[in-house]
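Please read these numbers as outputs of a predicted model, since none were measured by experiment.
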Amino acid sequence: MPAATTSDIIRSTPVPQTTASLHSMASIQTVDASQAGHAHFDDSVLQKSQLSKKSHKRKSRATANLYATRYEVVHAVVEQAGMQVSKEDDPKCYLIWSDSFVQNERIAELKSYQRLNHFPGMGEICRKDCLARNISKMNRKRPEEYNFTPRTWIFPAEYSTFQTYTKELRKRKKQKTFIVKPANGAMGNGISLYRNGEKIPQNEHIIVQEYMDKPFLLDGYKFDLRVYVLVTSCDPLRVFLYQDGLVRMGTEKYHAPTDGNIDELCMHLTNYSVNKRNENFQKDEDVSKGSKRSIRYLNNFLSKNGYDVPNLWFNIQNLIMKTLIVAEPHVLHAYRMCRAGSHAGNESVCFEVLGFDIFLDKKLKPWVFEVNRSPSFGTDEKIDYDIKSGLLGDAIKLMNIRVSDKRKSISAERAEAERRLLGPTKRPEHHSSKEDRGDRHRKIAIDKRKEELKQYLNMIRLDRKREEYENRHMGGFRRIFPTENKSQQAQWTQLLDDAFQLFLSGRAPALQKDMTRAYSQYKEAEILDMIEQCEEDSVSLMAPLVPRGPKQFGKRPYLEELVKQRLSSMPTADVPQPSGEDTEDTGDEAMWEKNSPPTSPSFRRRQLSNGPPQRSRPTSSFAHRLSSETREHRSTSRPLSSNQLGKQSTGSQPVVQRTRSLTRPLSATKRIIANHNKETTNVKSEREEQLTKRTLTALTDMRIKFPGKTDEEADTVLDAIESNWKYHKPRIASYWLVKLDSIKRRKVIDIVRMNIRALLQRVWHLNDVDNLALYRIFCRVFNRLLWSHGQGLWNCFSTSQCSWETIFSKSTDVISPLEMSCCRRIVQLCRQCLLIVYQFAAETKNAVAPEPVKTRTYPGNEAPKYTTWNNGNGAIAQRPVRPGHPLQAPQP
């Protein structure tokens with residue numbers, strides 16, 4: 001039988017008649033017609049090509065290891081997501097799903113492209129005894145926040161405490177019901193109720209809780225909520241709440257517990273595994289009927305009956321987050337131990353779907369009963385499949401599992417191995433002076449700081465990309481942490497800080513540092529400014545002869561004044577003394593070029609005019625004491641730069657700048673629009689200048705008050721510290737740089753920051769000043785003062801340098817003299833604030849911090865000139881207020 005030609009094969013194969021297929025068919029038929037009688041394709045060749053394409057397609061699919069799960073809905077959802085389910089326990093699959101706990105060794109072996117559905121350390125809230133213990137610790141530290149679990153005792157350790165409590169109840173002639181649960185039980189196994197606490201066995205490992213005997217009823221039945229929460233990362237923490245879930249109801253009408261009905265578990269327990277055996281259990285495809293209903297139905301039911309559903313879910317997500325905050329120190333510590341070497345902000349190899357059991361009391365207050373790390377995904381009813389399949393499908397989408405991640409992971413591992421093998425080795429130090437070693441250590445510290453900032457910048461960018469992806473693929477989920485509600489985010493961040501200090505006290509300081517940095521409000525531009533500052537500091541160590549200072553901002557009226565201020569602050573021997581001719585020819589611009597940093601454009605132009613660059617080497621301090629004759633010789637013998645030549649040729653004539661084509665004039669319409677825009681810009685700039693002047697005036701009137709002292713006494717304290725600076729300098733340095741941690745240092749700066757924020761709101765008549773250009777400039781100054789663990793503010797006490805001004809050296813923004821004056825006043829206020837906090841701490845050592853100072857209201861038309869408050873560090877800030885309108889300052 002003759003071999004079939006390509007055209008025969010195409011005719012016998014059904015192909016959808018798309019445009020692409022018709023074009024490909026026509027091209028193949030043309031080739032076959034041109035080679036008729038000369039060549040034919042074999043069936044085997046075509047079949048091999050088709051098989052290779054199919055095998056290539058199979059290889060391009062992500063694989064899932066579902067060997068350790070028994071739930072059919074997990075298999076179905078994974079296949080619907082386009083993943084290939086492995087037939088055996090393959091440890092190299094992209095997705096690994098297990099119904100039980102996974103050993104830490106297996107988590108440590110995971111590659112960066114793999115995902116596992118369990119976190120290490122999550123048992124700290126998923127075991128009943130661990131949850132009770134951790135919540136009890138946080139309750140002692142923050143009792144007003146952690147009051148959403150029933151009173152619990154862990155047996156046998158707290159048996160005597162429990163017996164003391166029951167005796168007190170007997171004295172007061174009160175009787176309570178207690179519920180007993182196994183410490184590590186599940187599915188309602190081993191649960192029993194007791195009316196007499198003395199009958200509870202002592203030696204068993206159990207937990208005992210007060211029974212909540214006043215529940216919110218639904219059709220006369222007791223119920224609880226199974227709320228699903230997805231944790232996609234613990235480093236940093238990212239939490240999502242699924243907007244649907246299950247309402248699990250009892251199968252017997254509820255009555256308060258008595259000795260007669262204490263054994264009727266189907267009345268008092270809502271577990272599905274307990275009630276499904278009862279003959280009254282109802283299965284229904286309608287979500288509004290039966291013994292198992294949906295949360296969406298409950299929300300509609302509550303809304304129709306006049307209950308505040310949004311407030312209910314606000315409280316539910318609040319207690320969910322507080323519970324996860326308790327687990328975060330344990331989970332993050334265990335995760336870092338398993339994934340040693342991974343940077344903060346990298347894609348997490350773990351995720352977890354948690355099932356929170358929420359109880360609603362008669363007043364609709366939510367309570368947390370327990371947290372399940374492996375919630376049941378059984379689908380006995382249609383409502384189970386609908387809710388759980390949607391939950392799993394949206395969770396897998398949020399994981400963003402891509403086939404290309406494996407290739408990127410392998411490339412990254414190879415690059416890291418090459419860096420370790422081929423990187424420079426540390427050479428021993430021989431014959432190095434003490435100054436050289438000090439410079440080298442400072443450079444190492446600066447490089448380390450710069451590397452940390454680059455990692456933090458990379459984390460911010462990854463978080464932004466991750467957030468953009470999450471916003472597109474959240475489905476039925478809603479992100480609850482991090483949240484856009486700034487007050488709630490600040491509250492949860494403070495609770496996180498308390499949890500880290502409580503559970504990791506004295507251990508893992510790097511975790512607390514990373515946690516503080518991960519949830520800080522730094523923006524990308526601010527991090528870039530810090531990196532640039534590190535680069536400038538590194539350059540200044542390599543070239544100590546070059547004076548530091550901001551680069552040339554262009555032709556601005558305050559340039560001459562700024563140059564004179566800088567030159568006047570330098571020692572007399574260090575100030576260049578140009579000759580009279582040189583001064584007449586070059587003017588202030590040449591003087592600026594002489595003092596420009598090596599990274600500025602002026603320095604580069606000077607290098608080009610002087611010839612090829614030469615390698616600089618460190619010189620001793622006598623180089624700064626060159627004679628004025630030698631400097632005159634250098635300044636006169638140096639070739640003039642292009643700017644100097646332009647000034648020399650034109651004299652005092654203004655330089656005409658060509659901004660557009662010289663041969664094409666503007667049209668009449670464009671001239672009108674240009675003039676209108678120019679007028680609008682001028683009016684706007686004039687208004688901003690006036691408001692900036694008002695801001696500077698208000699900043700000048702602002703004072704930092706000393707608690708319990710008048711302004712004159714506070715000024716006396718500041719004068720005394722400055723007059724005896726030699727004595728106070730090491731003590732203030734130790735207090736600011738060593739004793740205070742990063743959070744307390746930020747609180748000191750926040751005394752001034754929050755006061756200035758309120759001042760800008762009043763002067764500029766804006767509620768939100770975050771987008772105000774002046775406030776962004778102030779924020780950059782505040783961040784610079786906190787730079788390098790508070791070193792930025794401490795440098796401001798030195799008369800030889802003002803390092804905070806260098807943040808504007810590489811900025812494209814134009815800083816006006818008024819704005820610079822405002823910044824200088826802010827730095828002065830921060831210095832005074834630190835001195836007052838230091839003095840107050842010294843006077844009230846071993847004393848409790850004073851309470852917040854409340855604003856007084858004055859009768860009649862009189863009004864206080866300032867409103868004040870205390871942030872707990874000792875200093876009280878104040879700001880001017882409008883007459884007749886006393887302001888209550890916010891607490892930092």
Side-chain angles (χ1 to χ4, degrees), residues 128 131-132 135-136 138-139 142-153 165 169 172 174-179 181 191 193 195 207-229 241 243-258 261-262 267-271 288 291-326 355-371 480 485 487-488 491-492 495:
K128 297 180 179 63
L131 175 65
I135 292 291
S136 177
M138 286 297 291
N139 177 264
R142 300 292 293 270
E144 72 282 357
E145 300 288 348
Y146 284 85
N147 54 1
F148 51 82
T149 56
R151 191 167 183 176
T152 308
W153 296 267
Y165 178 72
L169 290 177
R172 291 183 291 174
K174 289 186 178 181
Q175 187 175 15
K176 288 191 175 183
T177 305
F178 301 97
I179 183 169
K181 305 177 184 179
I191 298 179
L193 274 70
R195 294 276 291 168
I207 66 165
V208 180
Q209 287 182 332
E210 284 187 354
Y211 180 76
M212 309 292 292
D213 56 355
K214 295 180 180 180
F216 187 89
L217 301 180
L218 189 61
D219 297 341
Y221 295 94
K222 182 181 177 182
F223 69 93
D224 72 347
L225 307 179
R226 171 58 59 88
V227 180
Y228 295 103
V229 175
L241 174 66
Q243 297 183 6
D244 202 359
L246 295 174
V247 179
R248 307 179 304 175
M249 303 174 63
T251 51
E252 298 286 346
K253 292 282 187 178
Y254 177 79
H255 298 283
T258 60
N261 63 12
I262 196 70
M267 176 190 298
H268 301 289
L269 302 184
T270 57
N271 302 71
S288 61
S291 299
K292 190 184 291 186
R293 306 179 186 181
S294 69
I295 286 181
R296 294 185 187 274
Y297 159 75
L298 178 65
N299 292 338
N300 295 332
F301 173 81
L302 295 175
S303 298
K304 292 178 180 178
N305 288 274
Y307 292 99
D308 191 354
V309 177
N311 182 62
L312 169 64
W313 282 99
F314 177 83
N315 295 332
I316 289 177
Q317 80 174 24
N318 200 17
L319 62 87
I320 287 174
M321 271 311 307
K322 289 176 182 178
T323 306
L324 290 174
I325 284 171
V326 170
F356 279 75
D357 290 345
I358 307 295
F359 170 81
L360 301 179
D361 64 10
K362 189 176 182 180
K363 297 181 180 179
L364 218 63
K365 177 186 176 182
W367 300 74
V368 172
F369 274 0
E370 60 184 86
V371 184
I480 61 175
N485 188 334
S487 61
Q488 197 170 44
Q491 176 192 4
W492 289 341
L495 289 177

Is there any salt bridge (charged side-chain N to carboxylate O under 4.0 Å, His left out) pair reaching into residues 310-321, and which pairs are they, with sequence neighbours excluded?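 The answer is none; no pair qualifies.
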Test side-chain hydrogen bond (donor to acceptor under 3.5 Å, both in side chains) applied to [X] - qualifying residues, sequence neighbours left out:
X      : answer
Ser294 : none
Arg226 : Asp357
Lys128 : none
Asp244 : Arg296

Considering only heavy atoms from C-beta outward, does the side chain of [X] approach that of [Y] to under 4.5 Å?
X      : Y      : answer
Asp213 : Thr177 : no
Lys292 : Met249 : no
Met267 : Lys253 : no

Residues which pass side-chain contact (heavy atoms from CB on, under 4.5 Å) with [X], listed by chain and number, not counting sequence neighbours:
X      : value
Lys363 : Asp361
Glu210 : Arg151, Trp153, Tyr165, Lys176, Phe178
Thr323 : Ile125, Leu131, Phe148, Phe356, Val368, Val371
Arg142 : Glu144, Glu145, Tyr146, Gln494, Leu495, Asp498

Donor-acceptor pairs under 3.5 Å, side chain of residues 216-223 to any protein atom, not counting sequence neighbours: which ones?
from	atom 1	to	atom 2	distance (Å)
Asp219	OD2	Arg293	NH1	3.0
Asp219	OD2	Arg293	NH2	3.1
Lys222	NZ	Tyr211	OH	3.1
Lys222	NZ	His268	O	2.9

With sequence neighbours excluded, tell me which residues meet ring pair (Phe, Tyr, Trp, His ring centres under 6.0 Å) with Tyr297.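 Not a single residue meets the ring pair (Phe, Tyr, Trp, His ring centres under 6.0 Å) criterion with Tyr297.
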Over 12 foreign heavy atoms within 6.0 Å of NZ, Lys365: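 More than 12 within 6.0 Å, yes.
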Identify every side-chain donor-acceptor pair in residues 310-320 under 3.5 Å, counting partners at least two apart or on other chains, and give the distances.
from	atom 1	to	atom 2	distance (Å)
Trp313	NE1	Asn299	OD1	2.9
Asn315	ND2	Asn311	O	3.2
Gln317	OE1	Arg478	NH1	2.8
Asn318	OD1	Trp492	NE1	3.0

